[in-house]
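The structure is given below, and queries will be raised subsequently.
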Amino acid sequence: MKPSPTKLILLQSHLHKLQKQGYFRLWLLGFISFLTLLTFATLLCRDSAHHGHLDLSLSLRHHRQNPSSGRAAALPADAVAALLHYLGTNVTGGVSAPDARILAGVISRKCPCNLLVFGLNHESLLWKTLNLGGRTVFLDESEFWVKRMEERHPGIEAYDVQYTTKVAEMKALRRAAVAAAAGDCRPVQNLLFSDCPLAINDLPNELYGVDWDVVVVDGPRGYSAAAPGRMSAIFTAGVLARSKRAKAATDVFVHDYAREVETVYSQEFLCAENMVRDSSTESLGHFRIPTMQPDSTRFCLGANATKGSERKRDRDDDDDVVLMMDGHGWMDGWMDLYTCM
């Protein structure tokens, strides 16, 4: 006698449910292990002050006030918020796993630091969490999106920027900036008072006086001729890096580097001789920008910035800590430990 089709369907359904339960238990065990490792990492971070607004932060404050209690500190609220954010999604928001490893490694090595990010994207909470104890500022073209992120994550510091450029104007804007390199578009200046058409000068005043350690250009939009493009963001990043008071170089990252605007403007204002070849990819340009003298009138040392040959630069303080993941999503791979060096 042949088995009943109904019984066969029920058996397959039962096996499928058991298989899903097994996957869920493995995932849950891995996630709990990750939380344990990240808790240990936060204990190693120096000056790991946090500004969370969740009730979970109470246990950390209690531990600091009563160090003899013997109780382990809870995860900072920012870290908890970031984990919950990535737990519910399998998309990376545009930054690939190899690019994320590079960015995370540099941020973690410099943590706590001053981190400036153009673009408020899917990865924003991750960058903020990795810079535990430092200052992370986000700039975005959408006032609505800034307000929404601030409501969802009260600890985030973000400001909206009114861009006046368009991708279609990239060539004319570049010519104007190059022609005014000794004047309004010079490489060392206070952008708050700049008349350069590429300068961003409507940010809160005090941001112009911050010595930024890392700058990430992942916004604004640049995928169409009518989009604002990242011309101003790249120019501004280059000027901020060269104008800071501290002598340490600034790491500047440009995402979507393969696009024309990102490539041309990076070579013009961040410069080929500053490119870190070992940690650059097809889609991510990494530049280490040194400071310049106040009377400098040239962004690049090469005679022709857009055609200069790239000079390989070794990383400072090799042994960057990196984020281990596969290419399928933030929570699909396992994270290595991050410590603030």
Side-chain angles (χ1 to χ4, degrees), residues 38 41-42 44-48 78-79 82 92-139 210-219 230 233-234 236-238 240-242 244 246-257 262 266 270-291 310-325 330 333 335-341:
L38 189 57
T42 59
L44 296 178
C45 286
R46 67 169 183 246
D47 301 325
S48 56
D78 291 341
T92 61
V95 177
S96 67
D99 291 350
R101 283 196 290 268
I102 294 169
L103 278 163
V106 172
I107 295 172
S108 296
R109 174 165 55 81
K110 291 201 167 186
C111 166
C113 67
N114 291 321
L115 170 62
L116 179 65
V117 183
F118 290 87
L120 195 53
N121 304 317
H122 180 75
E123 299 82 14
S124 297
L125 294 181
L126 179 62
W127 308 146
K128 184 180 188 303
T129 302
L130 291 175
N131 189 27
L132 186 64
R135 183 181 185 183
T136 304
V137 176
F138 298 95
L139 306 177
V210 176
D211 286 342
W212 301 103
D213 301 296
V214 181
V215 180
V216 179
V217 179
D218 196 14
R230 298 175 184 173
I234 293 172
T236 297
L240 290 174
R242 292 176 173 90
K244 70 182 191 179
K247 298 301 180 184
T250 303
D251 287 279
V252 178
F253 293 92
V254 179
H255 188 229
D256 297 316
Y257 183 68
E262 283 75 1
S266 292
L270 303 180
C271 307
E273 67 262 17
N274 295 325
M275 191 171 195
V276 185
R277 293 284 301 278
D278 289 346
S279 51
S280 294
T281 68
E282 182 178 354
S283 55
L284 183 71
H286 179 195
F287 300 83
R288 186 164 290 128
I289 313 296
T291 57
E310 295 178 352
R311 181 164 61 88
K312 181 177 179 178
R313 309 190 95 196
D314 296 328
R315 302 182 189 179
D316 331 328
D317 306 326
D318 297 331
D319 303 326
D320 288 351
V321 184
V322 296
L323 181 63
M324 303 304 296
M325 66 180 79
W330 295 111
M335 294 184 179
D336 202 355
L337 282 178
Y338 280 98
T339 59
C340 299
M341 307 302 288

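Just so it is clear, the values below take in all heavy atoms, side chains as well, and ignore hydrogens, waters and symmetry mates.
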Do the non-hydrogen side-chain atoms of W212 and L115 ever get within less than 4.5 Å of each other?
->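 A side-chain contact under 4.5 Å is absent here.
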How far apart are the closest heavy atoms of E262 and H255, and which atoms are they?
->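 Shortest heavy-atom separation between E262 and H255 comes out as CG-O, 3.6 Å.
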Find out whether V215 and F253 are in side-chain contact, i.e. whether some heavy atom of one side chain is under 4.5 Å from a heavy atom of the other.
->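 The answer is no; the side chains never approach within 4.5 Å.
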Residue pair R135 / V210, side-chain heavy-atom distance below 4.5 Å =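 Heavy-atom side-chain distance check passes, below 4.5 Å.
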Any chance you could measure L126, atom CG, to T136, atom OG1, to the nearest 0.5 Å?
->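 That separation rounds to 10.5 Å.
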Nearest non-hydrogen partners of P112 and G134, listed with the distance =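 Between these two residues, the closest heavy atoms are CB-N, 3.5 Å.
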A100 and V95: which non-hydrogen atoms are nearest, and at how many Å?
->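 So the two residues come closest at N-CG1, 3.7 Å.
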Distance from S124 atom OG to D218 atom CG, nearest 0.5 Å?
->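 Answer rounded to 0.5 Å: 8.0 Å.
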May I ask you to test the F118-T236 pair for a side-chain heavy-atom distance under 4.5 Å?
->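 Yes, at least one pair of side-chain atoms sits under 4.5 Å.
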Check whether any side-chain heavy atom of F287 lies under 4.5 Å from a side-chain heavy atom of S266, and answer yes or no.
->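 Side chain of F287 against side chain of S266, heavy atoms only: contact under 4.5 Å found.
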Heavy-atom closest pair, residues T291 and A248 =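 Heavy atoms only, the tightest pair is CG2-O, 4.3 Å.
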Under the side-chain contact (heavy atoms from CB on, under 4.5 Å) criterion, do L284 and V254 qualify, and how do the steps go?
-> CA-CA 6 Å; L284 183 71; V254 179; over 6 Å; no
side-chain contact (heavy atoms from CB on, under 4.5 Å) between V117 and V137: does it pass, once the steps are laid out?
-> CA-CA 6 Å; V117 183; V137 176; over 6 Å; no
Working to the nearest 0.5 Å, report the span between SG of C113 and CG of N131.
->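 Interatomic distance, C113 SG to N131 CG, rounded to 0.5 Å: 4.0 Å.
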Of the non-hydrogen atoms in K244 and A249, which two are nearest, and what is the gap between them?
->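 Closest approach of K244 to A249, heavy atoms only: NZ-O, 3.7 Å.
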Can you tell me how far the CG atom of D251 sits from the OG atom of S279, to the nearest 0.5 Å?
->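 Rounded to the nearest 0.5 Å, the CG-OG separation comes out at 7.5 Å.
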Would you say the side chain of D256 lies within less than 4.5 Å of the side chain of S283, judging by non-hydrogen atoms?
->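 No, side chains not in contact.
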With a 4.5 Å heavy-atom cut-off, do M275 and H286 have their side chains touching?
->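 When only atoms from C-beta onward are counted, H286 and M275 do not touch, as no gap falls below 4.5 Å.
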Give a yes or no on whether the backbone of G105 and the side-chain of R109 come within a donor-acceptor separation of less than 3.5 Å.
->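 Flag not set: sc R109 to bb G105 has no pair under 3.5 Å.
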Nearest-0.5 Å distance, CG of residue L130 to OG of residue S108 |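 Nearest 0.5 Å value for the CG-OG distance: 4.5 Å.
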Separation of I289 CD1 from T250 OG1 (nearest 0.5 Å) |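 T250 atom OG1 to I289 atom CD1 measures 8.0 Å (nearest 0.5 Å).
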So do L116 and F138 actually touch side chain to side chain, heavy atoms under 4.5 Å?
->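 No, too far: nothing below the 4.5 Å cut-off.
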Salt bridge check: are K110 and D213 linked by an N-O gap of less than 4.0 Å?
->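 Looking at D213 together with K110, the answer is no, because their closest N to O distance does not fall below 4.0 Å.
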